[in-house]
Amino acid sequence: MTANAAQLREIVDGLSGEVKKISPKYFYDERGSQLFDEITRLPEYYLTGTEIGIMRDNMDEICALVGEQASLIEFGSGSSLKTRLLLDHLSELAAYVPVDISGDYLYACATQIRDEYPHIDVLPVVADFTKHFQLPIPTVMPVRNIVYFPGSTIGNFEHDAALELLRVMHHEAGEDGALLIGVDLQKDPYLIERAYNDSAGVTAEFNLNMLQHLNRDFGANFDMTRFTHSANYDQDNSRVVIELVSRAEQTFEIGNTEFDLADGEAILTEYSHKYTLDGFASMAEQAGFSVAKVWTDTECLFSVQYCVRL
Ligand code: AVJ
């Protein structure tokens, strides 16, 4: 993928504020997606395994709520095992609609899914799912739309943006629609911090890879060896703060703009918000959803929630 002027502008803007930041979406070049895949299999990264366990344990109930002839609209490209788990068990799906901003990756995933599930109408949509987009019209008229948003990706968004995104989902779900969402929960900060500071160093590599991505695709000149991965749980704001910390006083360049970094100064690359069940329910309600069903694991590490339109 080549650099795009709007994205470059967004990156330069993010680095120009009081606190320097780069959106977590820039983690996901090819190498970044590979590294994230590795993260999901790390022993410390409880999120993915726990979510899959919850899905497996409650699949009958999930399927009964989704019903027949629904259209499953996934926010994200649908490369995951969780998607396949749903597609394996939901009978008579009217369509599967993965939505992602990266067309190449989306189409590759859609082709894979079509091969594995030839009976399902797979209708990928290239769109920035944080804004309203047009849904395709399946061959079979869906009974209802189910928006699927797994992985606690909602955690990347700050409160106002998360609320806005839930409102987009509410809109895309339409009448009689619902939202099936994975939400990571507040817990012992030690367990949370460990998940983002794994002993194999994969998360560190994932974080640092963003700089390489920017060097390659946006003409930046970051020196990766002069940054350190950092992930701390901010209890006051219930979120993991993931940063790249400068190991020296240095300058770097991107988009013909030069930036200075002090020794120890951080670039914020990601937030990962953790919710209470009540906290998520009240946000969902503000977006027009009522939480109809919550499934968790025995330790209440993670939740899968079924939200219906109010
Ligand atoms: C994909 C946003 C859910 O917040 O746990 C994993 C991304 N970052 N390790 C998360 C991530 C570092 C992940 N989400």
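Every heavy atom of this structure was used, including side-chain atoms; hydrogens, water molecules and symmetry mates were not. In this chain, residues are counted from 1 in sequence order. First listed ligand is number 1; within each ligand, the first listed atom is number 1.
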Novice: Evaluate the salt bridge (Lys or Arg N to Asp or Glu O under 4.0 Å) criterion for residues R239 and E158: first the C-alpha distance (whole Å), next the side-chain angles of each, then the deciding distance (0.1 Å), finally the verdict.
Specialist: CA-CA 9 Å; R239 64 190 179 194; E158 289 182 70; 3.8 Å; yes
Novice: When you check the gap from the basic side-chain N to the acidic O, do K25 and E10 get nearer than 4.0 Å?
Specialist: yes
Novice: Ignoring hydrogens and angles, write down the donor-acceptor pairs under 3.5 Å from the side chains of residues 88-99, residues two or more places apart or on other chains.
Specialist:
{"from": "D88", "atom 1": "OD1", "to": "Y117", "atom 2": "OH", "distance (Å)": "2.7"}
{"from": "H89", "atom 1": "ND1", "to": "L85", "atom 2": "O", "distance (Å)": "2.9"}
{"from": "E92", "atom 1": "OE1", "to": "Q69", "atom 2": "NE2", "distance (Å)": "3.4"}
{"from": "Y96", "atom 1": "OH", "to": "E74", "atom 2": "OE1", "distance (Å)": "2.8"}

Novice: Looking at atom 14 (N) of ligand 1, what's its closest protein heavy atom, distance included?
Specialist: Y45 OH, 4.1 Å
Novice: What atoms in ligand 1 come closer than 4.0 Å to a heavy atom of G151?
Specialist: 3 (C)
Novice: Test of understanding: given a 4.0 Å heavy-atom threshold, classify the contact between F206 and ligand 1 as side chain, backbone, both, or neither.
Specialist: side chain
Novice: If the threshold is 4.0 Å, N to carboxylate O, is there a salt bridge linking R144 and D176?
Specialist: no
Novice: Taking only distance into account, with no hydrogens and no angle test, what donor-acceptor pairs under 3.5 Å do side-chain atoms of residues 34-41 form with protein atoms, sequence neighbours excluded?
Specialist:
{"from": "Q34", "atom 1": "OE1", "to": "R31", "atom 2": "NH1", "distance (Å)": "2.9"}
{"from": "D37", "atom 1": "OD2", "to": "R41", "atom 2": "NH1", "distance (Å)": "3.0"}
{"from": "T40", "atom 1": "OG1", "to": "D37", "atom 2": "O", "distance (Å)": "2.6"}

Novice: Kindly confirm or rule out an N or O of K274 lying under 3.5 angstrom from an N or O of ligand 1.
Specialist: no
Novice: Can you report which non-hydrogen protein atom sits closest to atom 8 (N) of ligand 1, along with the distance?
Specialist: E270 OE1, 2.6 Å
Novice: Please identify which atoms of ligand 1 are closer than 4.0 Å to at least one heavy atom of S152.
Specialist: 3 (C)
Novice: Which ligand 1 atoms, with their elements, are less than 4.0 angstrom from a heavy-atom of N156?
Specialist: 2 (C)
Novice: Examine Y196 against ligand 1 and note whether any of their N/O atoms are separated by less than 3.5 Å.
Specialist: yes
Novice: What residue among E51, E61, Q305 forms side chain to side chain donor-acceptor pair (under 3.5 Å) with W295?
Specialist: E61
Novice: Would you check the N or O atoms of S272, main chain and side chain alike, for any that come under 3.5 Å of an N or O of ligand 1?
Specialist: yes
Novice: Does the residue G155 have a heavy-atom contact with ligand 1, meaning some pair of atoms that are separated by less than 4.0 Å?
Specialist: no
Novice: Counting heavy atoms not belonging to N256, are there more than 12 under 6.0 Å from its CG?
Specialist: no
Novice: Is E116 atom CD crowded by more than 12 heavy atoms from other residues, nucleotides or ligands, each under 6.0 Å away?
Specialist: yes
Novice: Heavy-atom distance to atom 1 (C) of ligand 1: which of Y271, F27, F36 wins?
Specialist: F36
